[in-house]
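Taking it in order: structure first as structure tokens, then the write-up.
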Amino acid sequence: MSSYDLLSGPIKKYVRDKRWEELRPIQDAAIQRIITTEENYILASRTASGKTEAAFLPILSKVNFNEEGVQVLYISPLIALINDQFYRIEELCKYLEVTVTKWHGEANRTLKEHLIKQPNGIVLITPESLEAMFVNKPYNVKHLFSNLKYVVIDEIHSFIGTDRGTQLKSILSRLQDINVASFKIVGLSATLGDYEGSKNFTGNPLHTKVLLDKTSKEIEAVFRYFKNEGNDLPLDLLKDLYIETKDNKVLIFPNSRGKAEEVAVKLKKISERVKGHSNYFSHHSSVDKEVREYVEYFAKNNNRQNFCIACTSTLELGIDIGAVDEVVQVDATHSIASLIQRVGRSGRKDGAKSSLFLYATSQWSLLQSLACWLLYKEGFIEPPQSNSDSYDILLHQALSIVKGYSGIKVTELITQLKNNFAFNEINVVEITDIINHLISIDFFEKLQHEVIIGIEGEKIVNSRDFYSAFTMEDNFKVIHAGNRIGELPYSPQITEGENILLAAKIWKIQFVDLKAKKIEVVPAKDGKKPKFSGGGGIVHQKIGEKMLAVLYSTEKYDFLNSTSFDALEEMRRDFSVFAIRNLALQRPFLIVEKKLLFYTFTGTKVNRTLFLLFEITGIKCLLDDSHSMFYIQISKDEFVLKWKSLLTMADTIDSLITTYLDAHSDSLSTSKWGQYLPEHYQISLMKRNFFDIEATSKFLSNTIELVVNK
């Protein structure tokens, strides 16, 4: 039987009314499997391949929506994505007369209250809103979701291997506990780096299948290089970028909110001078929600007008903004997964190619961009981090459970946490240890055999910030004439008389209200870009290794323009002084006058681990991770001697770092909830999140030979 024949009558009518000539590959496969089996599924296919319909066409055909309670739960990483997907899912559901309800902090309260009175249909929600319901109104959770049949997780890759993902897994496990029958999970993703590992996210890997659509879309990539002499983007780059994008619908991805504002404002100025269009916008988390929504609406609905949106990861995920002709990346992305998500935003029309322009402002950024692109072409995506020992999220969930129950027996709390599939690899002794610690710091108060939330714990669980696994920025609202235009992290630049860039405009600060966390602004004629906070991303070691391989390759790469190729060739000549013969076993060691530079060409976490090992073994140095390079501050002979001794320590790295962190507890930097753990658990988390001991051991076990310049 064909996939179309398996669909219910109303859903067949939907397909006919859409005038689809055929189902897409991922839709065809998903309909066959979801309707005829009781397995969990991960649907993996490129951006804009119809994954949402691939999940909902069979689910809507299979589920009996006349049963009591919410039948399908759609979980999204973004409120904006919920608002966007709502219309697609609601259109589908009109053919079945099934109610679709958005549930998040900005959603209509009346509709939510109506759902509580009469639970039914489909609910669209974020993990944080589910957490809030478990904490504050656990009876609503059971009332609404005890008869769930399916949970659809959109952009599941954004959860896997993260603290937020572990929180979501815990919530799913708690939902399964209160469900009449076990619901099925369907995850959607365009960028999975570990298909087998993704099965663990459902809590039942043996009954989880990955449906992988390997159909690829042709991508035309062009690399351009403009050397940056200062902090601002080169004027020649901006002029070239303007010419390239002025007659198209374009997304531009710089690597920071500040750079996004700089791009939007400066391109708009160029356009004004040459009487071009005025549709230049910025889109990032500091821009006010209503402004972002206007930008999304404009992009989606103005088919005749070209536009240019300078954005960050806020437009990396699947928010529908219609047809985009080109995607521009300014300087290297930190991950291949991010690059894939971004380039997938263009060429969404059937048969259309995706167009990608990569602008680099330094040779190293060019090299990293090139490495990412080549690895993508080879099919490599970074695998997610293992979060098997998420003691911090377990602590958070313990607080959530106790608050939701208004007190619970200690034995029952331990049982619930142990049976939660998010914490499979944390044993009872460790769980008990953490609970006892929470009692000792007054997060819990013990009453005979029960625990309730203690005085210090009340301060935590009653905060609106409690429901999330990530730390919120301390932002100031930016107001003009009573209208909110966005928010900025507080910094020394936020002073009266200073100019800032926000929402693609230049503003002058008139008044800063520290108590109300409010900044009053008026339009300014010129300005400086704002100092947005935030560190760099984590680069996988494969990218560093590929950068080294590119330097010692003779490949010319037809997608490099002449200036890009010249910049690469210059780097190749610079590194030709090192007689590297084995890329796995040898690394460059530059000696120039009194300067010693050691190039590792590995990942961020390995470099961090090496830096700590250098400190432990007495090697004074500075780390420049953007160049995968150490400035060695001792003599060559002393470094070579210590380096040789370090090569013999591969098997003892774990104990060395544990001992060091234990003796330097002031250097511990863990997660939002990790700070409340006993110290040895904080050390464990830091070793997982900040360092990579296993990869560093392998790096050293390869007996890395230092190759000195000729």
Does the separation of the ring centres of F466 and H396 fall below 6.0 angstrom?
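Judged by ring-centre distance (under 6.0 Å), F466 and H396 do meet the cut-off.
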Just checking H540 against F380, ring centres under 6.0 Å apart?
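Ring centres of F380 and H540 closer than 6.0 Å.
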Hey, could you give me the [atom1]/[atom2] distance between [X] and [Y], rounded to the nearest 0.5 Å?
| X | Y | atom1 | atom2 | answer |
| --- | --- | --- | --- | --- |
| Q71 | N64 | CD | CG | 7.0 Å |
| T126 | I82 | OG1 | CD1 | 5.5 Å |
| R608 | K605 | CZ | NZ | 7.5 Å |
| S3 | I31 | OG | CD1 | 5.0 Å |
| L43 | I34 | CG | CD1 | 5.5 Å |
| L212 | I42 | CG | CD1 | 12.0 Å |

With a 4.0 Å cut-off on N to O distance, would you call [X] and [Y] a salt bridge?
| X | Y | value |
| --- | --- | --- |
| K698 | E694 | yes |
| K149 | E67 | yes |
| E90 | K102 | no |
| K289 | E293 | yes |
| K672 | D465 | yes |

With I693, the side chain to side chain contact (heavy atoms under 4.5 Å, CB included) member among V606, L656, L613, I657:
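In the set V606, L656, L613, I657, the residue that makes a side chain to side chain contact (heavy atoms under 4.5 Å, CB included) with I693 is I657.
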Testing V151, V100, L124 one by one against Y74 for a side chain to side chain contact (heavy atoms under 4.5 Å, CB included), which residue passes?
L124
Counting distance only, does the side-chain N/O of [X] pair as donor-acceptor with the main-chain N or O of [Y] below 3.5 Å?
| X | Y | answer |
| --- | --- | --- |
| T202 | N40 | no |
| Q167 | Y467 | yes |
| K184 | S182 | yes |
| D433 | I431 | no |
| S146 | H143 | no |
| S61 | S8 | yes |
| K418 | F423 | no |
| T415 | T411 | yes |
| R292 | V287 | yes |
| N200 | P205 | no |

If you look only at pairs with a residue in residues 158-173, which of them pass as a salt bridge (Lys or Arg N to Asp or Glu O under 4.0 Å), with sequence neighbours excluded?
E128-R164, D163-R688
Would you mind listing every salt bridge (Lys or Arg N to Asp or Glu O under 4.0 Å) that reaches into residues 436-459, with sequence neighbours excluded?
E456-K459
Does any donor atom in the side chain of [X] or [Y] lie under 3.5 Å from an acceptor atom in the other side chain?
| X | Y | value |
| --- | --- | --- |
| S170 | N420 | yes |
| Y681 | D389 | no |
| T658 | D654 | yes |

Mark yes when over 12 heavy atoms from residues, nucleotides or ligands other than K687 sit less than 6.0 Å from its NZ; otherwise mark no.
yes
Can you tell me if OH on Y405 sees more than 12 non-hydrogen neighbours from other groups inside 6.0 Å?
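Incorrect, the count does not exceed 12.
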Are Y391 and Q682 close enough that some pair of their side-chain heavy atoms sits under 4.5 Å apart?
no
Is there a side-chain contact between L394 and W673 in this structure, where contact means two heavy atoms from C-beta onward sitting under 4.5 Å apart?
no
Step by step, work out the side chain to side chain contact (heavy atoms under 4.5 Å, CB included) result for N689 and Q385.
CA-CA 8 Å; N689 296 334; Q385 176 177 282; 3.1 Å; yes
I would like to know whether Q397 and E131 meet side chain to side chain donor-acceptor pair (under 3.5 Å); could you show each step before the answer?
CA-CA 9 Å; Q397 291 296 285; E131 185 72 69; 2.7 Å; yes
Step-by-step side chain to side chain contact (heavy atoms under 4.5 Å, CB included) determination, I401 to L417
CA-CA 9 Å; I401 291 168; L417 291 169; 3.9 Å; yes
Is it possible for you to check whether R33 lies under 6.0 Å from the centre of the six-membered ring of Y41, through NZ or CZ, and within 45° of that ring's axis?
no
Mutual orientation of the aromatic rings belonging to H664 and Y660 [parallel < 30°, tilted 30-60°, perpendicular > 60°]:
parallel
